[in-house]
Amino acid sequence: MLQQCGVDSILVKHQSDLTGIDGLIIPGGESTAIRKLLVREDMLENLKELVNDGLPILGTCAGLILLVQSESLAGLDAKVVRNGFGRQKNSFEEPLELKGIDHDFNGIFIRAPYISEVGPEVEVLAKTDDGRIVAVREKNVLATAFHPELTDDSSVHELFVKSIVG
Ligand code: GLN
């Protein structure tokens with residue numbers, strides 16, 4: 001996706017990888033497992049600092065969960081419901097109206113969370129048909145409950161890259 005946006009990327013696996021990056025994507029997967037790895041690599045405090053210092057961050061699915069204040073990285077003033085749409089077999093796709101994107105974006109939800117409450121500084125970018133919040137932005141943090149990287153549509157990543165390069 002980043003290549004499609006014309007952006008160089010590296011994989012961030014260790015603390016030293018955080019040096020010199022202009023933005024960070026925390027991907028989906030399993031938030032408990034990612035959190036454990038962040039603790040093992042002693043990266044949690046560094047990341048919190050970077051979030052606080054204004055590093056542009058995109059979190060998708062498990063990445064969103066980790067970014068919520070009460071979870072690990074304290075970037076988003078929101079409440080999140082893990083596995084909020086149900087189990088693996090309840091995974092689904094839904095076209096979404098997403099603020100900042102001029103066409104429907106195909107939301108791919110895999111054991112996805114949703115956001116049940118947002119603080120005053122949080123901008124809601126998208127909701128599902130049944131009204132659940134699934135994309136938000138707060139200052140330097142952009143987060144989606146779905147997986148934009150599993151589509152061919154790089155609009156969400158472009159939105160993110162624009163927040164870095166203007
Ligand atoms: N259900 C996972 C969690 O709680 C997130 C799933 C995903 O990232 N696709 O971390």
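Scope of the values below: all heavy atoms of this structure, side chains included, with no hydrogens, waters or symmetry mates. Numbering of ligands and ligand atoms starts at 1, following listing order.
Counted within 6.0 Å of CG on Asp152, heavy atoms from surrounding residues, nucleotides or ligands total 12 or fewer; the atom is thus considered open. At most 12 heavy atoms of other shown residues, nucleotides or ligands fall within 6.0 angstrom of atom CG in Asp8. By the neighbour-count criterion of 12 heavy atoms within 6.0 Å, atom CD of Gln15 is densely surrounded, having more than that number from other residues, nucleotides or ligands.
The closest non-hydrogen atom to atom 9 (N) of ligand 1, taken over Arg87, Gln88, His147, Arg111, comes from His147. Closest heavy-atom approach to atom 7 (C) of ligand 1 within the set Gly63, Pro27, Ala62, Cys61: this belongs to Cys61. The residue among Gly84, Gly59, Gly29, Gly28 with a heavy atom at the shortest distance from atom 5 (C) of ligand 1 is Gly29.
Between Val118 and Asp77, the closest side-chain pair of non-hydrogen atoms is not below 4.5 Å.
Salt bridge status for Glu30 with Arg111: present, with a side-chain N to carboxylate O gap under 4.0 Å.
Atoms of ligand 1 found under 4.0 Å from any heavy atom of Ile65 (numbered from 1 in listed order, with element): 3 (C), 4 (O), 10 (O). Heavy-atom contacts of Ser31 reach the following atoms of ligand 1: 3 (C), 4 (O), 10 (O) (cutoff under 4.0 Å).
Residue Asn83 has at least one nitrogen or oxygen atom sitting less than 3.5 Å from a nitrogen or oxygen atom of ligand 1, judged on distance alone.
Remark: minimum distance from atom 4 (O) of ligand 1 to any protein heavy atom is reached at Arg82 NE, 2.8 Å.
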Self-check item: Check against side-chain hydrogen bond (donor to acceptor under 3.5 Å, both in side chains), Thr32 and Arg82
Solution: CA-CA 11 Å; Thr32 308; Arg82 274 184 80 178; 3.2 Å; yes
